[in-house]
Participant: 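Got a structure for you, written out below as structure tokens; questions coming shortly.
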Amino acid sequence: MTLHLFDSATRRITPLDPVVPGRVGIYHCGLTVQGPPHIGHIRKEVVFDVLRRWLERAGYEVRIIANVTDIDDKILAKGAETGEPWFAVAYRNERALHAAYEVLGCQPPTYEPRATGHVPEMIGMIAALIERGHAYPAEDGSGDVYFDVRSWPAYGELSNQSVNDMQAAPDAPLEGKRDPRDFALWKGHKEGEPESASWPTPWGRGRPGWHLECSAMAAKYLGPEFDIHGGGLDLRFPHHENELAQSRAAGQPFARIWMHNAMLNLGNAKMSKSVGNTLMVSEVVKRVPPIALRYYLVAAHYRSIIEFSEEALAEAATAFSRIEGFVRRAAELVGPCDDGKIPDAFAAAMDDDLSVPAALAVLQETVAEGNKLLGGGEPSGLATALGAVRAMLDVLGLDPLDPMWASSSTDTAVEDALAVLVQRLIDQRAEARGARDFATADRIRDQLAAAGVEVEDTPQGARWSLKEGER
RNA sequence: GGUGGGUUGGCCGAGAGGCGAGGCAACGGACUGCAAAUCCGUUUACACGGGUUCAAAUCCCGUACCCACCUCCA
């Protein structure tokens, strides 16, 4: 079976049929870097990271382009408000975004083009659209250039809307527009805006409109037609609709499949800066290990809304620790087993529109079987189970043994010293237990627990681990 | 006003006409010196009202509530 995805444009499950066999080109909308990323933003990132890992498992060569839109009204406003240069605001948030990718185990995209670095490509596209009669410089001399929605009969095809039924923008003065739905490809420079935020064009100085950067950069790095275009569901209209219209109007077939992830809600509303109900990635990973946060975000189907709750997050952390516990205990007995085979049922679930919940059921059943073998002491079966579990976890970016999860603050010298000291206490406890001096044995265990070290007895002797959680 | 999506057991979360996904929690049992971990077992479902069908959580009609988009948004 090949991967099938739900295409939001046709609202059908569609088989992936790459433009170039063996290669998949994906564009997904990164971030307009007006603030640091919250966990809703990173959900999108995790979804596309899983897609990428699954495609690479299947042997595809994957090229992922994710934009950084580093100029827009809000970035300029924020700079004006804090007195910082606008580009400093954008860059700071871009770095926070990269830190969030990394802490959640998302592989970086193949390339992350910035809007401000692609003005010539945008100018070329605007010129082509004017030439073809689908765009026009504003008639009020503002230097704006608009896309002419009425000149493109297919407008609305992505979000299944008709221009005539759309609610008119509440206050929007028509400015130089022919139709209120026309959107800015290019915005003329305004009084008071920094000179550094404008570029020369045949239509005067100005800066990019919101949607054009994605059309221009997708074409540059993926070609006029590519396989998958993704992003959050809230981008479907107007952002993706406008991208599609301008690219097609410029003569490019554009994306074959549109893939949109559902939102992450908090308090019955989409997590967003304007509502103020945001949870920053950097904050949440202080409460729960990053890998557990990733598990929480991955575990629901990508097209289902996640209603965020602390309880559900904590539950996800517990559920994941069961999986992680198996992996660690099994690896101690039979070695890493990092070349395992993915069970067919798991693959079938993933091929069916990335049905991670069904795939996780397979994973958890394999863990349960593996746990039975752990007790039974049958190394070859255990190795097979561990290999399968690690292979499945790797697809989801959740393999706890992957070096990417090694804490960056870990100092190996400190760790070695700790291991020696803990082992000494564990040896003393074993001695006490051997002498049936359980009072002493329990006192040692309590002392270790008080220091955050958990001890458990297994047929192979005591093993220890650091308690997770509050850090 | 227009366009979509949703409402499943104590909780999370799949499924989409027959056969009770899976996890968390709870309870009972096994193992253990006691624990922990693990295993075995048990319990509670498909918003409401109609309809179609031999059979509906799943299809149709209606009602209620929730979410998203049509304005910046992952």
Participant: Please enumerate all residues that pass salt bridge (Lys or Arg N to Asp or Glu O under 4.0 Å) together with E369(A), with sequence neighbours excluded.
Facilitator: none
Participant: When the distance from CG of L104(A) to P of A74(B) is rounded to whole Å, what number comes out?
Facilitator: 16 Å
Participant: Side chains of V275(A) and K270(A): closer than 4.5 Å at any heavy-atom pair?
Facilitator: no
Participant: How many whole angstroms separate atom CG of L396(A) from atom C1' of G22(B)?
Facilitator: 14 Å
Participant: If you take atom types as modelled and just measure distance, does the side chain of N164(A) reach the base of G2(B) with a donor-acceptor pair under 3.5 Å?
Facilitator: no
Participant: Pick base, sugar-phosphate or nothing for A368(A), based on heavy-atom distances below 4.0 Å to the nucleic acid.
Facilitator: sugar-phosphate
Participant: Checking E307(A) now: which residues fulfil salt bridge (Lys or Arg N to Asp or Glu O under 4.0 Å) with it, not counting sequence neighbours?
Facilitator: none
Participant: Which part of the nucleic acid does G40(A) contact within heavy-atom distance under 4.0 Å: base, sugar-phosphate only, or nothing?
Facilitator: base
Participant: Checking only heavy atoms, does the side chain of K74(A) share a donor-acceptor pair with the base of C72(B) at less than 3.5 Å?
Facilitator: yes
Participant: NA contact type, S8(A), heavy-atom cut-off 4.0 Å: base, sugar-phosphate, or nothing?
Facilitator: nothing
Participant: If the sugar-phosphate is the primed atoms plus P, OP1 and OP2 and the base is the rest, what is the B/S/- string for nucleotides 4-9 of chain B, using protein heavy atoms under 4.0 Å?
Facilitator: S-----
Participant: For W258(A) and H260(A), take the angle between the two ring planes, folded into 0 to 90°, and tell me which bin it lands in: parallel under 30, tilted 30 to 60, perpendicular over 60.
Facilitator: parallel
Participant: In this structure, how many angstroms lie between the P atom of C39(B) and the CD atom of E456(A), rounded?
Facilitator: 13 Å
Participant: How is the base pairing of RNA chain B summarised as a dot-bracket string, given the Watson-Crick and G-U wobble criteria with both distances under 3.5 Å, [ ] for crossing and | for another strand?
Facilitator: (((((((..(((.....[...))).(((((.......)))))....(((((..]....))))))))))))....
Participant: Just jot down the salt bridge (Lys or Arg N to Asp or Glu O under 4.0 Å) partners of R92(A), sequence neighbours excluded, or say none.
Facilitator: E84(A)
Participant: Count the heavy atoms belonging to other residues, nucleotides or ligands that lie under 6.0 Å from CD of E102(A), then report whether that count exceeds 12.
Facilitator: no
Participant: Specify whether F320(A) and Y295(A) have parallel, tilted or perpendicular ring planes, treating 30° as the upper limit for parallel and 60° as the lower limit for perpendicular.
Facilitator: tilted
Participant: If you look at every strand shown and take non-hydrogen atoms under 4.0 Å, does S309(A) touch a base, only sugar-phosphate, or nothing?
Facilitator: nothing
Participant: Looking only at N and O atoms, is any donor in the side chain of E365(A) or the base of G22(B) less than 3.5 Å from an acceptor on the other one?
Facilitator: no
Participant: Using the P atom in both, what is the distance from A21(B) to A16(B), to the nearest Å?
Facilitator: 12 Å
Participant: Could you tell me how far C24(B) sits from U38(B) if I compare only their P atoms? Round to whole Å.
Facilitator: 8 Å
Participant: Could a donor-acceptor pair under 3.5 angstrom be found where the side chain of R445(A) meets the base of A35(B)?
Facilitator: yes
Participant: Using whole Å, what does the distance between atom P of nucleotide G15(B) and atom CD1 of I13(A) come to?
Facilitator: 10 Å
Participant: Which word best sums up how the rings of F183(A) and F147(A) line up, parallel for under 30°, tilted for 30 to 60°, or perpendicular for over 60°?
Facilitator: parallel
Participant: Rounded to whole Å, how long is the line connecting atom CG of D353(A) with atom C1' of G15(B)?
Facilitator: 14 Å
Participant: What integer number of Å spans the C1' atoms of G13(B) and U3(B)?
Facilitator: 27 Å
Participant: In whole Å, measure the gap between the C1' atoms of G15(B) and C40(B) for me.
Facilitator: 27 Å
Participant: So, for H240(A) and H229(A), which heavy atoms are closest and what is the spacing to 0.1 Å?
Facilitator: NE2-NE2, 3.5 Å
Participant: Which whole number of Å gives the distance between the C1' atom of G10(B) and that of U71(B)?
Facilitator: 41 Å
Participant: Reading RNA chain B from 5' onward, which residue's closest nucleotide shows up sooner: G267(A) or A441(A)?
Facilitator: A441(A)
Participant: Could you tell me how far apart E45(A) (CD) and A74(B) (P) are, to the nearest whole angstrom?
Facilitator: 11 Å
Participant: What integer distance in Å separates H239(A):NE2 from U71(B):P?
Facilitator: 15 Å
Participant: Under 4.0 Å, heavy atoms only, any strand: does R443(A) hit a base, just the sugar-phosphate, or nothing?
Facilitator: nothing
Participant: Under the ring-ring contact (aromatic ring centres under 6.0 Å, His included) rule, what do Y27(A) and Y221(A) come out as? Steps first, then yes or no, please.
Facilitator: CA-CA 9 Å; Y27(A) 188 95; Y221(A) 299 107; 9.0 Å; no
Participant: Kindly indicate whether the side chain of Q364(A) and the base of G23(B) share any N or O donor-acceptor pair separated by less than 3.5 Å?
Facilitator: no
Participant: Report the distance from atom CG of L266(A) to atom C1' of C66(B), rounded to the nearest whole Å.
Facilitator: 15 Å
Participant: Rounded to whole angstrom, note down the C1' distance from A64(B) over to A74(B).
Facilitator: 31 Å
Participant: Look at all strands and tell whether A314(A) reaches a base, only sugar-phosphate, or nothing, counting heavy atoms closer than 4.0 Å.
Facilitator: nothing
Participant: What interatomic distance, in whole Å, is found between P of C70(B) and the corresponding atom of C48(B)?
Facilitator: 33 Å
Participant: Taking the same atom, C1', in U7(B) and in A45(B), what whole-Å distance lies between them?
Facilitator: 13 Å
Participant: Between N371(A) and C39(B), is there a side-chain N or O to OP1/OP2 distance below 4.0 Å?
Facilitator: yes
Participant: Which donor-acceptor pairs under 3.5 Å do side chains of residues 261-269 of chain A form with protein atoms, sequence neighbours excluded?
Facilitator:
from    : atom 1 : to      : atom 2 : distance (Å)
N261(A) : OD1    : G232(A) : N      : 3.4

Participant: Less than 3.5 Å between a donor and an acceptor, one on the side chain of D457(A) and one on the base of C31(B), is that the case here?
Facilitator: no
Participant: What about R433(A): does its side chain form a donor-acceptor pair under 3.5 Å with the base of G33(B)?
Facilitator: yes
Participant: Which heavy atom in F48(A) sits nearest to a heavy atom in G230(A), and how many Å separate them?
Facilitator: CZ-CA, 3.4 Å
Participant: With a non-hydrogen cut-off below 4.0 angstrom, is Q34(A) in contact with a base, only sugar-phosphate, or nothing?
Facilitator: sugar-phosphate
Participant: In terms of the nearest nucleotide of RNA chain B, which residue is placed more toward the 5' end: L235(A) or L360(A)?
Facilitator: L360(A)
